[in-house]
A.B. asks: 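This is the structure I have questions about; it appears just below.
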Amino acid sequence: MQWLTTNLLGAPRPADLRARISRLALCGTAAISAAVFSPVRLGIVSGESMSPTLESGCPFVYVPHAEKDGPLKVGDVVVCRLGGQVCIKRIYQMGGDWFWTAAVSRTGPPDMRPLAPGVSIEAWRERYPRFRFFRYTVPPDTLFVLGDGAWSHDSRHLGPIPSTEVLGRVVWPRTPLPEINQYLSWTAAPRPRVQRNVRRASTDA
């Protein structure tokens, strides 16, 4: 077998070996350069905080954030640092914007859950007369971010994040705004009053 290998196939010449090593080194350098200098990055969603928009295990593509790529805006899905972790969330409001929130108890703080836009505060007060309502203004140079999922841990619990904590903006797949649900929702919507039909017993005399 050694004779066949040596005489029929021929031993690799030093020049060929050097050429192969050079090609491998060139390919490796190109791959590293593409990963470092590419305008896009690939990520994988971990957790259910963006469900159903982005399910756990779903790949996504994001562009590292830079002002030259255009300012961030409400509705953008971004990769950011939140609570010491790298997360994927949606921008709900920007610095200087405001929204209504409520406190369930008379003495407790607001729960920082934004009330659904498009519903007048008078309707909220009429539906929940025991609640206290607050108009919260997002501090300058910060972002109030939410996950699309009902159980997301986000600015409702940790407060707004500095805009400098945004690492990139998601460009694929499409991330339409989540629907507002009155029970488990992105933002809270008022439930209509339950109308109960009371049956009155009647007897014939």
Side-chain angles (χ1 to χ4, degrees), residues 41-67 69-105 108-119 121 124 128 131-191:
R41 299 285 189 273
L42 178 66
I44 303 293
V45 178
S46 176
E48 303 294 336
S49 69
M50 284 296 292
S51 175
T53 307
L54 296 172
E55 301 286 359
S56 183
C58 171
F60 65 91
V61 175
Y62 70 98
V63 178
H65 175 60
E67 287 300 328
D69 299 323
L72 297 170
K73 62 183 183 299
V74 170
D76 283 346
V77 173
V78 296
V79 180
C80 61
R81 295 188 185 93
L82 178 68
Q85 296 182 331
V86 176
C87 308
I88 178 169
K89 303 293 179 186
R90 188 185 297 274
I91 298 176
Y92 179 70
Q93 294 289 11
M94 313 277 292
D97 296 337
W98 59 269
F99 57 85
W100 287 99
T101 185
V104 177
S105 70
D111 65 2
M112 297 305 296
R113 188 179 187 187
L115 305 184
V119 180
I121 191 61
W124 279 99
Y128 300 102
F131 287 10
R132 292 181 301 132
F133 295 92
F134 302 86
R135 199 172 88 160
Y136 177 78
T137 300
V138 182
D141 300 320
T142 67
L143 304 170
F144 198 91
V145 295
L146 303 177
D148 288 2
W151 307 111
S152 171
H153 199 66
D154 45 43
S155 289
R156 288 172 285 194
H157 314 90
L158 301 172
I161 64 169
S163 55
T164 53
E165 293 298 283
V166 174
L167 305 178
R169 177 178 7 212
V170 174
V171 295
W172 181 88
R174 291 182 62 253
T175 52
L177 288 172
E179 294 182 2
I180 296 176
N181 181 282
Q182 63 185 9
Y183 297 105
L184 300 175
S185 60
W186 189 44
T187 56
R191 288 178 290 179

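We count residues from 1, following the sequence as given.
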A.B. asks: Who are the side chain to side chain donor-acceptor pair (under 3.5 Å) partners of Thr101, not counting sequence neighbours?
C.D. replies: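 Expected list: Asp111.
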A.B. asks: Of the non-hydrogen atoms in Leu143 and Ile91, which two are nearest, and what is the gap between them?
C.D. replies: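 Reported closest heavy-atom pair: CD1-CD1, 4.0 Å.
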A.B. asks: Walk me through it: do Val79 and Phe60 pass the test side chain to side chain contact (heavy atoms under 4.5 Å, CB included)?
C.D. replies: CA-CA 10 Å; Val79 180; Phe60 65 91; 3.7 Å; yes
A.B. asks: Identify each donor-acceptor pair in which a side-chain atom of residues 80-87 lies under 3.5 Å from a protein atom, sequence neighbours left out, and give them as a table.
C.D. replies:
none

A.B. asks: With side chain to side chain contact (heavy atoms under 4.5 Å, CB included) as the test, would you mind laying out the steps for Asp148 and Leu54 before giving the verdict?
C.D. replies: CA-CA 8 Å; Asp148 288 2; Leu54 296 172; over 6 Å; no
A.B. asks: Tell me every residue that passes side chain to side chain contact (heavy atoms under 4.5 Å, CB included) with Val171, counting only those two or more places apart in sequence or in another chain.
C.D. replies: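 Side chain to side chain contact (heavy atoms under 4.5 Å, CB included) check on Val171 returns Val61, Val63.
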A.B. asks: Please examine the side chains of Ser155 and Tyr92, heavy atoms only from C-beta on, and report whether any two atoms are closer than 4.5 Å.
C.D. replies: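 Result no, sub-4.5 Å side-chain heavy-atom pair not found.
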A.B. asks: Does Thr142 have any side chain to side chain donor-acceptor pair (under 3.5 Å) partners at least two apart in sequence or in another chain, and if so, which?
C.D. replies: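 Partners of Thr142 under the side chain to side chain donor-acceptor pair (under 3.5 Å) test: none.
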A.B. asks: I'd like to check Arg90 versus Thr53 (side-chain heavy atoms, cut-off strictly below 4.5 Å). Are they in contact?
C.D. replies: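 The answer is yes; the side chains approach within 4.5 Å.
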A.B. asks: Of the non-hydrogen atoms in His157 and Ser152, which two are nearest, and what is the gap between them?
C.D. replies: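 Here His157 and Ser152 meet closest at CE1-O, 3.1 Å.
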A.B. asks: Do Val138 and Phe99 come close enough that some side-chain heavy atom pair is under 4.5 Å?
C.D. replies: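 Result yes, sub-4.5 Å side-chain heavy-atom pair found.
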A.B. asks: Is it true that atom CG of Asp97 has more than 12 heavy atoms of other residues, nucleotides or ligands lying nearer than 6.0 Å?
C.D. replies: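 Counting other residues, nucleotides and ligands, CG of Asp97 exceeds 12 neighbours.
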A.B. asks: State the CZ-CD1 distance between Phe134 and Ile121, to the nearest 0.5 angstrom.
C.D. replies: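 Taking CZ in Phe134 and CD1 in Ile121, the distance rounds to 11.0 Å.
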A.B. asks: Test your reading of the model: is there a side-chain donor-acceptor pair from Arg156 to the backbone of Met112, 3.5 Å cut-off?
C.D. replies: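 Such a contact is absent between Arg156 side chain and Met112 backbone.
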A.B. asks: In residues 43-51, what donor-acceptor pairs under 3.5 Å come from side-chain atoms, sequence neighbours left out?
C.D. replies:
| residue | atom | partner | partner atom | Å |
| --- | --- | --- | --- | --- |
| Ser49 | OG | Lys89 | NZ | 3.2 |
| Ser51 | OG | Glu55 | OE1 | 3.0 |
| Ser51 | OG | Glu55 | OE2 | 3.3 |

A.B. asks: Looking only at heavy atoms, which two atoms of Trp172 and Pro59 are closest? And how far apart?
C.D. replies: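 Heavy atoms only, the tightest pair is CZ3-O, 3.6 Å.
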A.B. asks: For a 4.5 angstrom cut-off between non-hydrogen side-chain atoms, does Leu115 reach Phe133?
C.D. replies: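 A side-chain contact under 4.5 Å exists here.
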A.B. asks: Should Val74 and Met94 be marked as a side chain to side chain contact (heavy atoms under 4.5 Å, CB included) after you check the CA-CA gap, both sets of side-chain angles, and the distance that decides it?
C.D. replies: CA-CA 7 Å; Val74 170; Met94 313 277 292; 3.7 Å; yes
A.B. asks: Considering residues at least two apart in sequence or located in another chain, which fulfil the ring pair (Phe, Tyr, Trp, His ring centres under 6.0 Å) criterion with Phe131?
C.D. replies: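 Phe131: ring pair (Phe, Tyr, Trp, His ring centres under 6.0 Å) contacts with Tyr128.
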A.B. asks: Taking it one step at a time, do Val166 and Val145 satisfy side chain to side chain contact (heavy atoms under 4.5 Å, CB included)?
C.D. replies: CA-CA 10 Å; Val166 174; Val145 295; over 6 Å; no
